[in-house]
Peer 1: 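Structure incoming, see below.
Each chain gets a letter, A, B and so on, in the order its sequence line appears, and its residues count up from 1.
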Number of protein chains: 2
Amino acid sequence: MSAINARNTHPLIRKLETVFPLSDEERKAILALPIDQRVIEAHQDIVREGDRPSRSFVIADGVACAFKMTGEGKRQILAFHITGDMPDLQSLHLQTLDISIGTITACKVGFIQHEDLQRLCERQARVAAALWRETLIYAAMFREWITNIGRRQALGRAAHFMCEYIVRARAMGLVEDYSCELPITQEELSDAMGLSIVHVNRVLQELRKLGLINLESRHLTVLDWTGSRKSETSTRDTSTCRRRPRSVTPLRQTAARTDEQRAAHEPLRPSAIPETALGQVGILHSLKNAAAGESSFVSSAPPIS
Amino acid sequence: MSAINARNTHPLIRKLETVFPLSDEERKAILALPIDQRVIEAHQDIVREGDRPSRSFVIADGVACAFKMTGEGKRQILAFHITGDMPDLQSLHLQTLDISIGTITACKVGFIQHEDLQRLCERQARVAAALWRETLIYAAMFREWITNIGRRQALGRAAHFMCEYIVRARAMGLVEDYSCELPITQEELSDAMGLSIVHVNRVLQELRKLGLINLESRHLTVLDWTGSRKSETSTRDTSTCRRRPRSVTPLRQTAARTDEQRAAHEPLRPSAIPETALGQVGILHSLKNAAAGESSFVSSAPPIS
DNA sequence: CGTCAACTTGAAGGTTATCAAGGCATGTGG
DNA sequence: CCACATGCCTTGATAACCTTCAAGTTGACG
């Protein structure tokens with residue numbers, strides 16, 4: 001809310017400018033898009049699996065989520081969407097939606113007709129590319145999400161989630177001092193992380209006890225971003241990796257963070273501490289890549305003091 | 001192998017034609033792409049997390065996988081890629097790779113320079129859209145994968161996986177009578193499904209015991225696709241869904257399969273049996289949506305007798 | 001002051017991981 | 001042709017992690 005109305009710009013422009021600065025012409029073209037703005041109250045579905053929307057939408061304010069239901073009636077939340085996101089941008093090319101999107105908090109939502117977007121894309125090639133890129137970034141987030149759920153246990157999973165969320169919020173300027181609104185209930189968190197509510201509750205308490213996060217009245221603060229309390233780098237031992245013995249470097253991820261990449265983001269780089277702590281290795285790395293291929297994603301956000 | 005060499009066409013053309021028929025001009029443009037074909041042996045990385053490739057590649061034959069490594073050295077496989085796939089197409093717009101891609105079997109791989117692809121996209125708008133769509137389909141697969149790992153337990157997870165794999169293979173014409181090659185070890189399966197090897201082994205045996213699949217010497221057959229052994233539709237009861245009580249229709253997925261969609265795919269439609277059986281509800285539904293928005297994805301494959 | 005949603009806690013049981021060992025096929029060199 | 005190694009699959013026992021059930025607490029709000 002606050003930060004958003006402060007900068008009174010078109011959410012789409014803000015979003016795209018986290019990638020590259022727009023030309024006047026491009027900006028004008030976006031501002032010319034007919035937008036149908038609405039407020040949708042909390043806990044409502046905006047679109048549903050199986051719909052064939054003729055328009056997409058931007059979230060101008062609030063938090064929404066994309067989810068699927070299992071045949072058994074279990075819900076899996078796939079992503080939380082914040083200001084500037086276009087959660088169903090894919091429907092521009094994929095007619096039938098494979099996900100539902102619902103609000104978490106009340107949301108200000110701007111609907112844009114597909115035809116208008118299509119026309120914009122035809123005329124402004126760079127904008128088209130930026131939108132494509134946007135969908136690719138979502139895909140990268142999904143990959144991160146899979147890895148988190150598939151290969152980390154509850155504590156690390158929650159820690160990772162918090163980091164990821166705050167990095168994303170930061171890119172939209174919603175973070176100050178590693179601190180942001182997190183208007184998401186534990187039930188919703190559990191559906192996002194593939195855990196039970198009860199266990200999420202316990203894990204969050206554990207994170208608090210470890211002095212890693214502060215989470216109260218829907219406000220999240222990451223206390224130990226840099227991983228000052230590292231519990232030894234010992235886990236980073238080759239012997240840990242039983243799998244894939246033929247591979248040249250099983251712990252490839254470590255190697256993948258080149259010095260160049262490291263240097264570019266020093267202030268935000270989490271340390272190489274093991275799963276149990278915040279500041280998890282993979283997070284920024286992937287998100288950063290995903291976001292901009294480059295530094296722009298992170299560095300376009302206001303610097304953390 | 002067999003089926004691929006039989007139809008001796010450009011893998012990219014075959015792939016794109018699962019979406020819509022190409023014009024002669026488009027076909028010519030694709031055939032004119034300079035491609036660097038190579039054979040890469042099994043269990044080798046093709047590209048790695050952190051790389052900044054200047055080219056993408058098509059898999060002309062064989063199976064590869066996209067994966068990430070955790071800080072702890074655990075591997076999560078995100079997708080298996082078969083003939084016709086372009087696993088790192090995203091690198092066309094996202095400079096730094098957030099995943100590694102390695103071969104499972106020996107692969108015939110065709111590398112295409114980004115500049116050439118870019119030029120193709122500029123000149124053939126429909127091809128550009130098709131490629132964009134291709135990346136969107138991958139994203140839909142990732143979403144399906146998240147749901148599978150996050151909200152299903154081992155047996156259903158494995159069942160779902162088998163269905164998904166065979167549907168994908170089928171779209172490339174690699175399936176006959178619900179039967180295809182599955183040259184993937186249990187270890188690799190475990191990294192894909194977020195389980196331990198031991199447990200994957202047990203779950204596969206369970207599926208065999210239930211008479212749902214046949215899996216030996218790297219050949220998979222789905223025996224009970226239609227779910228003839230349904231164990232009552234009883235799970236489809238509203239009371240099952242404790243979560244999200246405010247939502248209008250919690251079991252939205254059911255409703256989402258409209259009659260129209262149903263009719264279009266009757267022969268392949270899995271029944272609405274619970275998690276424990278193959279022919280899991282979500283699979284075709286999402287994949288189908290993801291794939292074509294329409295029927296084309298599935299129906300372009302040779303019909304199952 | 002009562003209600004409701006969200007959060008919290010304890011106890012019990014189920015699913016899945018881990019450890020350890022054995023089996024079976026394939027391939028290689030002597 | 002046999003000994004040996006290697007990769008993959010299999011099995012049993014034990015323990016850890018997480019879910020479920022059941023109940024209680026807290027805070028916001030009318």
Side-chain angles (χ1 to χ4, degrees), chain A residues 41-43 70 72-76 104-105 148-159 182-209 213-220 239-247 275-276, chain B residues 41-43 70 72-76 104-105 148-159 182-209 213-220 239-247 275-276:
Chain A
E41 56 187 32
H43 308 296
T70 255
E72 277 180 332
K74 293 183 175 174
R75 179 175 63 164
Q76 175 66 48
I104 300 276
T105 66
N148 197 29
I149 291 180
R151 280 293 176 229
R152 258 187 279 264
Q153 50 191 44
L155 195 70
R157 205 181 292 181
L182 188 79
I184 299 174
T185 67
Q186 295 186 355
E187 180 170 20
E188 287 152 351
L189 282 178
S190 76
D191 281 340
M193 304 199 291
L195 296 168
S196 67
I197 313 181
V198 173
H199 204 59
V200 165
N201 182 287
R202 289 183 172 128
V203 161
L204 289 180
Q205 287 178 60
E206 180 77 18
L207 287 176
R208 284 188 271 243
K209 229 174 275 167
I213 66 168
N214 205 325
L215 177 56
E216 46 185 359
S217 54
R218 349 224 92 185
H219 193 92
L220 166 72
S239 64
T240 332
C241 179
R242 238 178 328 298
R243 306 289 175 79
R244 255 200 161 213
R246 325 180 196 70
S247 178
E275 309 300 298
T276 47
Chain B
E41 56 186 32
H43 308 295
T70 255
E72 278 179 330
K74 292 183 176 174
R75 178 176 62 163
Q76 175 67 47
I104 300 276
T105 66
N148 198 29
I149 292 181
R151 280 292 176 231
R152 261 188 277 264
Q153 49 190 45
L155 194 70
R157 206 182 291 181
L182 188 80
I184 299 173
T185 66
Q186 296 186 354
E187 179 170 20
E188 287 152 351
L189 283 178
S190 77
D191 281 341
M193 305 200 290
L195 296 168
S196 67
I197 313 181
V198 174
H199 204 59
V200 164
N201 182 287
R202 290 183 172 130
V203 160
L204 290 180
Q205 288 179 59
E206 182 78 16
L207 287 177
R208 283 188 273 243
K209 229 174 276 167
I213 66 168
N214 205 326
L215 178 55
E216 45 184 0
S217 56
R218 349 225 91 185
H219 193 92
L220 166 72
S239 64
T240 332
C241 179
R242 238 177 328 298
R243 307 289 175 79
R244 251 193 166 220
R246 321 180 199 71
S247 178
E275 309 300 299
T276 48

Peer 1: Using whole Å, what does the distance between atom C1' of nucleotide C/dG14 and atom NE2 of A/His199 come to?
Peer 2: 14 Å
Peer 1: Roughly how far, to the nearest 0.5 Å, is the CG atom of B/Leu155 from the NE2 atom of B/His199?
Peer 2: 8.5 Å
Peer 1: Would you say a side-chain N or O of B/Arg208 is under 4.0 Å from OP1 or OP2 of D/dC9?
Peer 2: no
Peer 1: Check the phosphate of D/dG7 against B/Gln186, side-chain N and O only, distance under 4.0 Å to OP1 or OP2. Yes or no?
Peer 2: no
Peer 1: Using a 4.5 Å cut-off on heavy atoms from C-beta on, say whether the side chain of A/Ile213 contacts that of A/Arg208.
Peer 2: yes
Peer 1: Just to verify, what does A/Gln205 make a side chain to side chain donor-acceptor pair (under 3.5 Å) with, not counting sequence neighbours?
Peer 2: A/Asn201
Peer 1: Could you tell me if the side chain of B/Gln76 sits less than 4.5 Å from the side chain of B/Thr70, heavy atoms only?
Peer 2: no
Peer 1: Is any side-chain heavy atom of A/Arg218 closer than 4.5 Å to one of A/Thr185?
Peer 2: yes
Peer 1: Could you check which of C/dA17, D/dC18, D/dC8 has an atom nearest any side-chain atom of B/His43?
Peer 2: D/dC8
Peer 1: Expressed in angstrom and rounded to an integer, what is the separation of B/Arg218 atom CZ from D/dC8 atom P?
Peer 2: 7 Å
Peer 1: Who passes side chain to side chain donor-acceptor pair (under 3.5 Å) against B/Gln153, sequence neighbours left out?
Peer 2: none
Peer 1: C/dT8, OP1 or OP2 - any side-chain N/O from A/Asn201 closer than 4.0 Å?
Peer 2: yes
Peer 1: Under 4.5 Å between any side-chain heavy atoms of A/Glu188 and A/His43, yes or no?
Peer 2: yes
Peer 1: Treat primed atoms plus P, OP1 and OP2 as sugar-phosphate and everything else as base, then score nucleotides 22-30 of chain D 5' to 3': B for base contact with protein heavy atoms under 4.0 Å, S for sugar-phosphate contact only, - for none.
Peer 2: ---------
Peer 1: Please compare B/Val203 and A/Ile184 by the position of their nearest nucleotide in DNA chain C and report the one closer to 5'.
Peer 2: A/Ile184
Peer 1: I need the A/Ile149 CD1 to B/Arg151 CZ distance, nearest 0.5 Å.
Peer 2: 8.5 Å
Peer 1: At what angle, to 10 degrees, do the two end axes of the helix from C/dC1-D/dG30 to C/dG30-D/dC1 meet, given five pairs define each axis?
Peer 2: 30°
Peer 1: Enter the distance from B/Ile197:CD1 to B/Glu187:CD here, rounded to the nearest 0.5 Å.
Peer 2: 4.5 Å
Peer 1: Using the side-chain heavy atoms of A/Thr185, tell me which of these nucleotides is nearest: D/dT20, C/dA17, C/dC7.
Peer 2: C/dC7
Peer 1: Are A/Gln153 and C/dT16 close enough that a side-chain N or O sits under 4.0 Å from OP1 or OP2?
Peer 2: no
